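Here is the structure we will look at.
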Protein chains: 2
Amino acid sequence: MTAPSESSAREPDEPAPDDGRVRTLERPEPATAAETIRWGLEAEALVTVFGRCTVEYEGRAASELGAGERHLLLKPDGGALVHTAEGQQPVNWQPPGCVHAVEPREGTLEVRSTRSTPAEELLVSFEETLHVGVFAMSEPDQLSIVGTEADLRERLLEEPSLLEPGFQPLAIERQTPAGAVDVFGEDRAGRTVIVELKRRRAGPDAVSQLRRYVDALERDLHTATDLRGILVAPSVTERAERLLAEHGLEFVALEPPRE
Amino acid sequence: MTAPSESSAREPDEPAPDDGRVRTLERPEPATAAETIRWGLEAEALVTVFGRCTVEYEGRAASELGAGERHLLLKPDGGALVHTAEGQQPVNWQPPGCVHAVEPREGTLEVRSTRSTPAEELLVSFEETLHVGVFAMSEPDQLSIVGTEADLRERLLEEPSLLEPGFQPLAIERQTPAGAVDVFGEDRAGRTVIVELKRRRAGPDAVSQLRRYVDALERDLHTATDLRGILVAPSVTERAERLLAEHGLEFVALEPPRE
DNA sequence: CCCTCCATATCGTCG
DNA sequence: CGACGATGTGGAGGG
């Protein structure tokens, strides 16, 4: 890795400038790193550690990862993420709510994150600590998102004829012995209609889900003949389409709104 | 945020030491930041940007996020992750395979990640760039993990009597019109057995899946009476248990091995 | 807590 | 590239 311009010299352990929101260490000694990381976690900051490390996990499953350069993210809510060069998902992690413990140990820096229910532990051992970053975070801002299944449901409720002329929605999340139905209503002829919504192309799972609700409601209402199940999604896979036909279920193409 | 020890002064834009594996910038100008980030991406390094920014996404859905301090991770494989103080998941992201573009623009630093199929774009606009990090990553190391569904299957195949005395596995991933069956075999009486495995407590979804396979194979083999469907998992939920009973399916408790 | 289900799910594998 | 199912799925909402 060749730098694009000249680098200034700064001794190991010498902290980078602290403007009150960022603090960094370059190649710190384990003891120095541990002190700064603990301080950052105490201050509810986001802490990063980059270096050569091994990772061990034990809990719902168990895993081992040999030595390599990794990027560790410690969140103020107790979450931990270990990222490698590849993949959107962290190679190892710990969910929010964990307790982070940082200890220098035999020349290495050990970061241990633990929780109970379920009992889980993540251990990241840095044999080389190349960078520590402490970043002051702002209060969380609300993410606004459109194009979800809830948006698709709103679209259908605002314009029920998108399902078919004469459709009348009567309830959302109506309970059945098999779970809650997305949209429950009646068609023009007064027949009960059960709608299962999917925000994207639907597969066999979606059909099974719809089938469960229809079965449950047929048993519950003893009205086997006058019950329709309709899958609403942008499209269906071929196997899903066959499953729908086999069980007398229907499909209506509809996309979630984009605004 | 009060530092645990004295900070040295370093001017903005003055790069931190470059030992060939880490390079950082503190409070860089947008143009300087863009240059270093481009250089880092070019070098297949992992690049981080911390600062105050807004985030916009448009693609499979669409989202907006107001200004706040966030941590951006740009991966050499083309992935992007925007992390806030909270949550294990990034608040916004882009999967691997994207093209990252970095531009200074009207006093801000814009990072844009795009891909096609599906067409998606993520735009992170930093109104304040507080830190840039460039980290040289090692080649990926294999993660070894135990306790998966595959491990549970191996356990069952090595000791078929764990299902029941006399069980004989005949195939794994046997194809049916509804998909592949986890384990396919015969019981002591010569009846066909379909096994669906779950590494953790099983819910209604797992029962539906098993039911689909049993239905498909009954139609395919025309042997409605001599076909058994067995769900193998550490445990089942109450609703799943009722669904199993309703459809004449069975349950056997078994956990994935831990070593 | 458990249960249930959505997700810009992501990821691997297979056709 | 699409389909299909596993995931240490995570996260939200309800009981």
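Keep in mind that this is a model prediction, so the values were computed, not measured. Here is the naming used below: chain letters follow the sequence lines, and residue numbers restart at 1 for every chain.
When each of A/P95 and B/T117 is assigned the nucleotide of DNA chain D with its nearest heavy atom, B/T117 is the one assigned upstream, toward the 5' end. Comparing A/Y57 and A/P96 along DNA chain D, the residue whose closest nucleotide (by nearest heavy atom) sits nearer the 5' end is A/Y57.
With sequence neighbours left out, the side-chain contact (heavy atoms from CB on, under 4.5 Å) criterion links A/E56 to A/E64, A/L123. Applying the side-chain hydrogen bond (donor to acceptor under 3.5 Å, both in side chains) criterion to A/E250, with sequence neighbours excluded, gives A/R228. With sequence neighbours left out, A/P140 forms a side-chain contact (heavy atoms from CB on, under 4.5 Å) with B/E86. Applying the salt bridge (charged side-chain N to carboxylate O under 4.0 Å, His left out) test to A/E241 and every residue at least two apart in sequence or in another chain returns nothing. Scored by the side-chain hydrogen bond (donor to acceptor under 3.5 Å, both in side chains) test, B/R115 finds B/E120 as partners (sequence neighbours excluded). Every residue two or more places apart in sequence or in another chain that forms a salt bridge (charged side-chain N to carboxylate O under 4.0 Å, His left out) with A/D215 is listed here: B/R211. Under the ring pair (Phe, Tyr, Trp, His ring centres under 6.0 Å) criterion, B/F50 pairs with A/F135, sequence neighbours left out. Remark: B/E121 engages B/R112 in a salt bridge (charged side-chain N to carboxylate O under 4.0 Å, His left out) (not counting sequence neighbours). Under the salt bridge (charged side-chain N to carboxylate O under 4.0 Å, His left out) criterion, B/K198 pairs with B/E196, not counting sequence neighbours.
Side chains of B/D205 and B/S208: no donor on one and acceptor on the other come within 3.5 Å.
DNA chain D lies under 4.0 Å from at least one heavy atom of each of the following residues of residues 236-253 of chain A: A/T237, A/R239. Within residues 81-93 of chain A, the residues that have a heavy atom under 4.0 Å from DNA chain D are, in order of number, A/N92, A/W93. Residues of residues 66-73 of chain B that place a heavy atom closer than 4.0 Å to DNA chain C do not occur.
Which of D/dG11, D/dG8, C/dT10 sits closest to the side chain of B/R60 comes down to C/dT10. Closest to the side chain of B/R212, out of D/dG2, C/dT10, D/dG5, is D/dG5.
Residue A/A119 is classed as having no contact, given no heavy-atom separation below 4.0 Å to the nucleic acid.
Proximity of B/R200 to the phosphate of D/dT9: a side-chain N or O atom is located under 4.0 Å from OP1 or OP2.
Between the base of D/dG8 and the side chain of A/Q94 there is a donor-acceptor pair shorter than 3.5 Å.
The shortest heavy-atom contact between A/P204 and A/L243 is CB-CD1, 3.7 Å.
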